[in-house]
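See structure below.
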Amino acid sequence: MPSLYVDADACPKVIREILYRAAERAKLPLILVANQSIATPPSAYIRSLRVPQGFDVADNEIVRRCEPGDLVITADIPLAAEVIEKGAQALNPRGELYTEHNIRARLNMRDFMDTMRASGVQTGGPPPLSATERQQFGNALDRYLAKVARQARS
């Protein structure tokens with residue numbers, strides 16, 4: 001049975017709420033990993049795992065725990081690359097599925113933007129999550145859950 005892991009420190013609340021409903025509906029374990037307390041609804045499927053403060057502590061815990069077939073929700077591109085290497089899947093809160101085919105390009109763009117910021121260029125942060133992106137996330141999550149359900153039946 002696959003698990004859903006959430007890089008919860010930066011995951012928008014609206015996305016967490018979508019995940020709560022999906023975990024209940026699909027009866028899949030949902031683990032929110034963060035270095036702060038994350039309130040979760042009472043559920044046999046949903047739990048929060050608090051890790052110590054520190055650089056990449058939550059990311060490292062997710063990588064340590066995830067297994068092939070699991071789904072990791074994260075906007076952290078290096079974390080996505082690590083879980084893909086382990087055979088898990090990675091989905092960002094805007095509905096983009098990171099794959100072995102697109103993760104290198106995403107890492108290169110991230111590194112380029114880091115270099116730009118380090119040289120003083122103001123790049124700004126990501127725009128607020130839109131209704132369309134929430135829908136894209138829900139659709140991508142539904143596709144993953146449908147695939148898990150098909151595999152369970154076969």
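Heavy atoms only: backbone and side chains are in, while hydrogens, waters and symmetry mates are out.
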List the steps and the verdict of side chain to side chain contact (heavy atoms under 4.5 Å, CB included) for L30 and L32. CA-CA 7 Å; L30 172 65; L32 293 98; 4.1 Å; yes
List the steps, then state whether side chain to side chain contact (heavy atoms under 4.5 Å, CB included) holds for L91 with Y98. CA-CA 6 Å; L91 176 64; Y98 298 118; over 6 Å; no
Derivation of the side chain to side chain contact (heavy atoms under 4.5 Å, CB included) call for I73 and R16: CA-CA 10 Å; I73 311 304; R16 290 194 315 257; over 6 Å; no
What verdict does the side chain to side chain contact (heavy atoms under 4.5 Å, CB included) test give for Q89 and I84, after you've listed the backbone C-alpha separation in whole Å, the side-chain angles of each residue and the deciding distance to 0.1 Å? CA-CA 6 Å; Q89 296 181 49; I84 289 168; over 6 Å; no
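Summarising the geometry of G69 relative to Y144, their closest heavy-atom pair is O-OH, 2.6 Å, with the distance given to 0.1 Å. Across all their heavy atoms, D9 and A34 have their closest contact at OD1-CB, 3.1 Å. The shortest heavy-atom contact between A90 and A80 is CB-CB, 3.7 Å. Scanning all heavy atoms of the two residues, the minimum distance from G95 to A140 falls at O-CB, 3.8 Å. Taking each heavy atom of A22 and L145 in turn, the nearest pair found is CB-CD1, 3.7 Å.
Between the CG atom in L19 and the SG atom in C11 there is a gap of 6.0 Å [rounded to 0.5 Å].
Applying the salt bridge (charged side-chain N to carboxylate O under 4.0 Å, His left out) test to R94 and every residue at least two apart in sequence or in another chain returns E133.
T40 has its side chain out of reach of Y45: every pair of non-hydrogen atoms, C-beta onward, lies at least 4.5 Å apart. In this structure, L4 and D70 have side chains that are not in contact, with every pair of non-hydrogen atoms separated by 4.5 Å or more. Counting heavy atoms from C-beta outward, P41 and I46 have side chains that approach closer than 4.5 Å.
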Got a list of side-chain donor-acceptor pairs under 3.5 Å for residues 146-154, not counting sequence neighbours?
from : atom 1 : to   : atom 2 : distance (Å)
S154 : OG     : R150 : O      : 3.1
S154 : OG     : Q151 : O      : 3.3

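Judged as a salt bridge (charged side-chain N to carboxylate O under 4.0 Å, His left out), the pairs with a partner in residues 78-91 (not counting sequence neighbours) are, in order, E85-R104. Among residue pairs with one or both ends in residues 39-62, those qualifying as salt bridge (charged side-chain N to carboxylate O under 4.0 Å, His left out) are E61-R64, E61-R65; sequence neighbours excluded. A side chain to side chain donor-acceptor pair (under 3.5 Å) check over residues 19-29, counting only residues at least two apart or in different chains, returns the pairs E24-S43, R25-D142.
The backbone N or O of D76 sits nowhere less than 3.5 Å from a side-chain atom of N92 that would complete a donor-acceptor pair.
Counting Ile, Leu, Val, Met, Phe, Trp and Tyr side chains that sit under 4.5 Å apart, directly or through other members, V33 shares a hydrophobic cluster with Y5, I31, L49, V51, V57, I62, V63, V72, L79, V83.
Cluster annotation: L71 and I77 are assigned to distinct hydrophobic clusters (Ile/Leu/Val/Met/Phe/Trp/Tyr, side-chain heavy-atom contacts under 4.5 Å, transitive).
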